[in-house]
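Here's the structure we're looking at; comments come further down.
Values below: all heavy atoms of this structure, side chains included; hydrogens, waters and symmetry mates excluded. Chain naming here is simple, since letters A, B, ... match the order of the sequence lines and numbering starts at 1 in each.
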Amino acid sequence: MPERDHGLTRRRVLGIGGALGLVATTGLSTAAALARRPSSTGAELRSAVPLPPPFQVPLPIPAVLPPVSTDGGVDRYVITQREAEAEILPGLRTPLWTYEGVFPGPTIESRRGRPVVVTHRNELPVPTVVHLHGGRTPAASDGYPTDLVLPARHATSHTGHGMHDPRAVVTEVTRDYAFPLDQRPTLLWYHDHRMDFTAPAIWRGLAGLHVVRDDAEDALGLPSGPRELPLVIADRAFAADGGLAYPSLDPTLSERPGVQDRYFAGVLGDVILVNGAPWPVHEVDAARYRLRLLNASNARHYELEAVTDDGRRLDLVQVGADQGLLAEPVAHRALPTAPAERYDVVIDFAGTRVGDRVRLVNRLGSGRARDVMAFRVARRAVDDSRVPRVLSTDLPTWRQADAVRVRDFSFRAGRTHGGHGWLVGGLPFDPARTDVTTGLGDVEVWRLVADVHHPVHLHLVGFRVLSRGGRPPLPHDAGLKDTLSLRPGEAAEIITRFDGYRGRYLFHCHNAEHEDLGMMANIEVV
Amino acid sequence: MAARLGSVAAHRTEWVFRALVSAHVVAIVGQPVFAGAYLTGDYDSLRWHAVGADVVTSVGYLQLIAAIVVRFRLRRSGPLVATAAVVVAETVQYFAGLDGALWLHVPLGVMTVAALVVQFVVVWRQSLVREAVDA
Ligand SMILES: [Cu+2]
């Protein structure tokens, strides 16, 4: 009789099995309900003011800054960092920290190999330091987080951060940043990089574009002039008084770094700004446009998709990455974009009708954060632009066998001096510790592992992606990059050559909150 | 007819099944070990986790075949039901891992390990053959 089995009745066996099955089902359903799908890292800050409807305000284009001098083969610029007010949401005045009174800051247009010197004058209430993201810059002008420019109004020499750095070069009120710009043409951006307070400083407005061009790129025939649009995408949240909301522990951004615990993994805003305007709209010809995309958000990721109102998707044809032109174009239906990444894409409105609207949406966003901006097709037009099959032939061709060493780094949460924070290779940032020493000209393979989303950025150099999760890179990993988006539990192998300049540089997570909470490390090029 | 199978063949069937369940437990316990090491930044552990996934899944399918043999030779269907459930879970688990769906991958992995441990205890605690021989 199979009625008794190991002293258990069949009924009891079924009972135990059923109970365990129920526990398992409950567990997995709970996981499905609690999980963020799509996954995201950070917490959303809600605005306390009514938000305007999307696609009403015209897209502003950041003004190009005129040089104060072009003598001696050097373009010289002066930028004053100061407080200003702007009407970002209709009818509200928003105090900002700005470069030259505008947000985003003015755009610097430069030519490959022609040096630029920018004199920054600090009229803000706190110390600042400027980093040109993606720039191949000597260490003295790379904006190391402790190389502070103390403000005019500063009473004491207190620099606002807790860590002593004997190598810091601190200046009073002004500093000249010299950029040789001996690098591939691309879209760079400059932003504040002060120790412990980078995230709130960028949030308050300290970010602007810097374009590098050359004759070879100009000769390609890509869309240009009014058909080349820089798009600085950034999320923000607004307080009841119209100011930007941000969960700083110290709202003066002078003494105590960090954010309220809920925002430990990153601050997400519920208003999407493009070039400083909320969900703007731009009138376009039925022709090709070159979109120079920058995700200038602190923590928000986007997966951008161009959709017509009748549901058709337009291809985003990628022609360039963080560090310039790809070898050949790559067509995307949807384009993932992590903080600090740049994508150079061509979109063709030729297949649309006059009057059509094409929305740029974020497939990772929910609610109001799903919309980004829109294009309104205003007229038919001739289009003599093109997207050549071959875009560039100068991409580095480093192979794994060229590497003189391989390094592994984990990017994960953990304990820091002050509590919990974010670690690189198990350690929180310390300006006095050299994490990586490499020889000028050395080729290295780095293997990076993440616990949650971490957009990993290397100063000084561009790199190529060799693999993701042990498999070939994704389509948007093409070309030369300086920021790599790692997703939860993901690993990637990158290869680079440390050339250009000797000195102390950073690599770090470009989730700005993570970076402020320890997720940076030093590279010494010797 | 199956119940009248020679006791040597019956025992061999049972031992093959037990051996596969045991190997399966050993293989699957390696998976969280490699996953943990990987998340500390040990990149090579990712490869071991991937190799481990292939091994675990393969042993799972062998165990499924053995469970089918047990079902027909020894007329016990419990092992087949349990093994089928584990193999389904492991297959889902495999693709959840490849897709980076950690919300599913992590809890399902823990549950699969627990299920296999229970199965290990059950198959070693008492013979499957007893009933067939006694009958
Ligand atoms: Cu990070």
Can you confirm whether A:R471 sits close enough to B:L98 that some side-chain heavy atom of one is under 4.5 Å from a side-chain heavy atom of the other? yes
Heavy atoms of A:G470 and B:Y43 approach each other most closely as N-OH, 3.8 Å
Smallest heavy-atom separation, B:Y38 atom then A:G489 atom, equals OH-O, 2.5 Å
May I ask you to list the residues in residues 103-116 of chain B that approach chain A closer than 4.5 angstrom, counting heavy atoms only, ordered by number? B:W103, B:L104, B:P107, B:L108, B:M111
Atom CG of B:L102 and atom OG of A:S39: how far apart are they, to the nearest 0.5 Å? 7.5 Å
Can you name the residues that form a side chain to side chain donor-acceptor pair (under 3.5 Å) with A:R468, not counting sequence neighbours? A:D477, A:E490
If you count heavy-atom pairs under 4.5 Å with chain B, which of A:R36, A:R487, A:R37 comes out on top? A:R37
Excluding sequence neighbours, so at least two apart, what forms side chain to side chain donor-acceptor pair (under 3.5 Å) with A:R415? none
Can you tell which part of A:R412 gets under 4.5 Å to a heavy atom of chain B, answering side chain, backbone, both or neither? side chain
Above 12 or not: heavy atoms from other molecules or residues under 6.0 Å from CH2 of B:W48? no
Taking all atoms of both residues into account, what is the closest heavy-atom pair of A:A491 and B:L46, and its distance? CB-CD2, 3.8 Å
Of A:A24, A:G414, A:A450, A:G27, the largest count of non-hydrogen pairs under 4.5 angstrom with chain B goes to A:A24
Sort by residue number and list every residue of residues 18-37 of chain B having at least one heavy atom under 4.5 Å from chain A. none
Over 12 foreign heavy atoms within 6.0 Å of CZ, A:R399: no
What closest approach, in Å, do A:R447 and B:D44 show between heavy atoms, and which atom pair accounts for it? NH1-OD1, 3.2 Å
What part of A:A33 lies closer than 4.5 angstrom to a heavy atom of chain B: side chain, backbone, both or neither? neither
